[in-house]
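For reference, the structure is listed below as structure tokens.
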Amino acid sequence: MADPMKIRAKLTGDVAEIKVMMSHAMENGQRKDSAGNTIPHHFIQQIWVEVGGKTVIQGQTGTSVSRNPVFGFKVKGAKAGDKVVIKWRDNKGETRSDEAVVA
Amino acid sequence: MDMLRRSMVKSVGAGGVLAAALAAGLLKPTRVLAAEEWNRAAFDAKEASAALKGIGASNTADSKDILLKAPDIAENGAVVPVEVVSNIPNTISIAVLSLKNPLPLAAAFDYSNGAMPELQVRVRLAETTQVKAVVKTADGKFYSAQKEVKVTVGGCGG
């Protein structure tokens, strides 16, 4: 399984600033290994962000997103202590879900 | 033949469960669709125009109410920070494209339940290109902003 995401959720007023770094190769299918063979696609396709039990952001991504993707979001109406859950799913069907708390 | 029958029995069974979940209000239909389907037509498009068509944005109006931040010059095309902030009322989606990449569409995000229409993402740029931000509003209109980023070392091969 992929390494855990790093999630930070900082509250300013009633806005949670969420930063997430995902650990993923995001292979774009254009690179070749040392033997000259094309390294197949392997990349995150879908992302879900939940704050306080509600889905606030759903995203889709392609191979133009950098390796070890970093995303930043802002969510209004958040409170300290709200749980942030972020999930991703890649083109091989692998998934990962991690949590943080708004602070 | 028997294989076909089995798979049909299975799919009917799965559909039944889904229908029950829908009836119970556990899942909203829009969520189910969005969650299940990656937009292959848009993300596999090799031309920016086809990628835009894939997300329904064939016609976009330039807007000064979209703030698009990206470096003027990216020494390393593998990691280029892009930030989009939409000040257009009722923004529900933001997409980011790098127009000259082999596969231009980088990301498309939907916002709801208090999520502010802002996106920070790091993209690969294959060569010097226009980066385009596309915003969709609740009434189905599309707006866009563009900025050129000069790339010293491309970020797609290697």
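Note that the coordinates shown come from a computational prediction; the quantities given were computed from them, not determined experimentally.
- With a 4.5 angstrom heavy-atom cutoff, B:Leu105 touches chain A only via backbone atoms.
- Cluster annotation: B:Val131 and B:Phe142 are assigned to the same hydrophobic cluster (Ile/Leu/Val/Met/Phe/Trp/Tyr, side-chain heavy-atom contacts under 4.5 Å, transitive).
- For a residue to count as touching a neighbouring chain, one of its non-hydrogen atoms must lie under 4.5 Å from one of that chain's; by this rule B:Phe43 touches chain A with the side chain only.
- When the side chains of ILVMFWY residues are joined at heavy-atom separations under 4.5 Å, either directly or via intervening members, A:Val65 and B:Leu99 end up in a single hydrophobic cluster.
- Of all heavy-atom pairs between A:Thr55 and B:Asn113, the closest is O-ND2, 2.8 Å.
- Residue A:Gln30 holds its CD atom at 8.5 Å from CG of B:Asn101, rounded to the nearest 0.5 Å.
- For B:Pro104, the part lying near chain A is the backbone, with the side chain staying farther off; criterion is any non-hydrogen pair under 4.5 Å.
- Residues of residues 4-22 of chain A lying under 4.5 angstrom from chain B, judged on non-hydrogen atoms, are A:Val15, A:Lys19 by number.
- Listed by sequence position, the residues of residues 44-73 of chain B in contact with chain A number zero, using a 4.5 angstrom heavy-atom cutoff.
- Once rounded to the nearest 0.5 Å, the distance linking CZ of B:Arg40 with CD of A:Gln45 reads 6.0 Å.
- Residues B:Val151 and B:Val79 do not share a hydrophobic cluster, defined by chaining ILVMFWY side chains whose heavy atoms lie under 4.5 Å apart.
- Each of A:Phe43 and B:Leu103 belongs to its own hydrophobic cluster when Ile, Leu, Val, Met, Phe, Trp and Tyr are linked at side-chain heavy-atom distances under 4.5 angstrom.
- Here the side chains of B:Trp38 and A:Thr61 are not in contact, with every heavy-atom distance at 4.5 Å or above.
- With rounding to the nearest 0.5 Å, the separation of OH in B:Tyr111 from CD in A:Gln58 is 12.0 Å.
- Chain B forms more heavy-atom pairs under 4.5 Å with one residue of A:Gly59, A:Gly72, A:Gly62 than with any other, namely A:Gly72.
- Top candidate by heavy-atom pairs under 4.5 Å with chain A, chosen from B:Pro102, B:Ser98, B:Ala126, is B:Pro102.
- Residues A:Arg67 and B:Arg124 meet the side-chain proximity criterion, which asks for heavy atoms closer than 4.5 Å.
- Of the atoms belonging to B:Val80, it is backbone heavy atoms, and not side-chain ones, that fall under 4.5 Å from chain A.
- In this structure, the side chain of A:Ser64 does not engage the main chain of B:Leu97 through any donor-acceptor pair within 3.5 Å.
- Of the listed residues (A:Asn91, A:Ile57, A:Val51), the one with the most heavy-atom contacts under 4.5 Å to chain B is A:Ile57.
- Using a 4.5 Å cut-off between heavy atoms, B:Asn39 touches chain A through backbone and side chain atoms alike.
- A continuous path of hydrophobic side-chain contacts links A:Trp88 to A:Ile86 [ILVMFWY only; heavy atoms under 4.5 Å].
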